[in-house]
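Heads up, the thing below is written out as structure tokens.
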Amino acid sequence: MGATNSTGGWFGPRGLASIVFALLAIEELGGSEVVGTAISAVTFTVLLSVLAHGISAGPIGERYAARHGDSEPADEDPRPRSRRRID
């Protein structure tokens with residue numbers, strides 16, 4: 001498996017998928033007692049995912065950039081450039 005696949009797999013939409021599955025479960029289960037437990041589990045999963053991805057984003061991004069250094073570096077000025085000439 002390549003670095004791009006591994007990186008994409010790690011930063012995939014886990015939190016979003018958890019929220020969608022929770023909404024589907026709520027719709028199916030209605031006012032059941034298990035809904036509260038399911039919502040707690042989904043909330044914990046999403047928060048843990050945000051924490052893990054936030055901590056690992058810098059090191060994984062740097063490692064990925066080091067392996068794929070053939071791309072052009074970003075401009076020093078992040079503002080969008082206009083193509084119009086101002087005289």
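Keep in mind the model is a prediction, meaning the values are calculated, not measured.
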Check Val46, Thr45, Leu47 against Thr43 for a side chain to side chain contact (heavy atoms under 4.5 Å, CB included) and give me the one that passes.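 Single side chain to side chain contact (heavy atoms under 4.5 Å, CB included) partner of Thr43 among Val46, Thr45, Leu47: Leu47.
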Side chain to side chain contact (heavy atoms under 4.5 Å, CB included) involving [X] - partner list, sequence neighbours excluded:
X: Ile55; answer: Leu51
X: Leu23; answer: Ile19
X: Phe44; answer: Leu48

Are Val35 and Leu24 linked, directly or through intermediate hydrophobic residues, by side-chain heavy-atom contacts shorter than 4.5 Å (ILVMFWY only)?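 Leu24 does not cluster with Val35.
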Residue pair Ala22 / Ile39: nearest heavy atoms and the distance that separates them: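 Reported closest heavy-atom pair: CB-CD1, 4.3 Å.
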